[in-house]
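The next block holds one structure in the form of structure tokens; read it before the comments.
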Amino acid sequence: DDDDDESAKSPASESDTELAARRKMVNMETFCNEPDTIEVFECHEVKPDGHKVPARIVLTTKKVYILRALADRPGWAQIFAQHSLATLVKITSKRQHPEFITLRFGTVDEIHTTQRFIIPKAGAACKAMKIAVLKEVDRLS
């Protein structure tokens, strides 16, 4: 799939600052080394307006977490998003830019959230996510 025109959905009434105030803060080293962590990928999240934000995708046996480092607290991050692996329904990349990855979360019938990333190790990230999703769906069925 080469068409990525959907934008991520977020409540229009809340600013990023208001949302950030409610997000859980974690020590990145501790969080990324939890026993259920499969892989961690350094990346940039691409916001709907095209702005790039440094992030990490933490892939666990049951969830995908999106972490953003806290500028004022080295070694700490906020969990900006978390999704059940079973809701990761589509992973796409641009043919011209294979490191530009779009993750779509929802159900087979409806996409609820779309997030875009620039992942230097995109091939490894996509493969790891697909394998983890298949294992989780198999476990749940």
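These numbers come from a predicted model, not from an experiment.
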Using 0.5 Å steps for rounding, measure from the [atom1] atom of [X] to the [atom2] atom of [Y].
X      : Y      : atom1 : atom2 : result
Lys121 : Ile57  : NZ    : CD1   : 13.0 Å
Trp76  : Asn27  : CH2   : CG    : 5.0 Å
His112 : Thr107 : NE2   : OG1   : 4.5 Å
Arg116 : Leu103 : CZ    : CG    : 10.0 Å
Arg56  : Glu42  : CZ    : CD    : 4.0 Å
Gln82  : Thr87  : CD    : OG1   : 10.5 Å

In terms of hydrophobic clusters joined by side-chain contacts under 4.5 Å, are [X] and [Y] together?
X      : Y      : result
Val133 : Ile131 : no
Ile38  : Val64  : yes
Met129 : Phe105 : yes
Leu134 : Leu88  : no
Ile91  : Leu59  : yes

Hey, are the side chains of Arg23 and Arg68 touching, using non-hydrogen atoms and a 4.5 Å cut-off?
->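 They are not in side-chain contact.
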State, yes or no, whether a side-chain contact exists between Lys52 and Val46 at a heavy-atom distance under 4.5 Å.
->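 In short, these two side chains touch, coming nearer than 4.5 Å.
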What do the steps show when you test Cys32 against Leu67 for side chain to side chain contact (heavy atoms under 4.5 Å, CB included), and what is the final call?
-> CA-CA 10 Å; Cys32 294; Leu67 304 183; 4.3 Å; yes
Would you check, one step at a time, whether the test side chain to side chain contact (heavy atoms under 4.5 Å, CB included) holds for Arg104 with Thr114?
-> CA-CA 5 Å; Arg104 290 185 173 89; Thr114 298; 3.8 Å; yes
Ring pair (Phe, Tyr, Trp, His ring centres under 6.0 Å) contacts in which one or both residues fall within residues 25-48, not counting sequence neighbours |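 For residues 25-48: Phe31-Tyr65.
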Over all atoms of both residues, closest heavy-atom pair of Thr61 and Leu85 |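 Minimum heavy-atom separation between Thr61 and Leu85: O-CD1, 3.4 Å.
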Side chain to side chain contact (heavy atoms under 4.5 Å, CB included) assessment of Lys47 paired with Val53 | CA-CA 8 Å; Lys47 295 172 77 175; Val53 181; 3.4 Å; yes
Which residues pass the side chain to side chain donor-acceptor pair (under 3.5 Å) test with Arg73, sequence neighbours left out?
->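 Arg73: no side chain to side chain donor-acceptor pair (under 3.5 Å) contacts found.
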Within residues 132-141 or reaching into it, pairs that qualify as side chain to side chain donor-acceptor pair (under 3.5 Å) - sequence neighbours excluded =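 For residues 132-141, and leaving out neighbouring residues, the side chain to side chain donor-acceptor pair (under 3.5 Å) pairs sorted by first residue read Glu136-Arg139.
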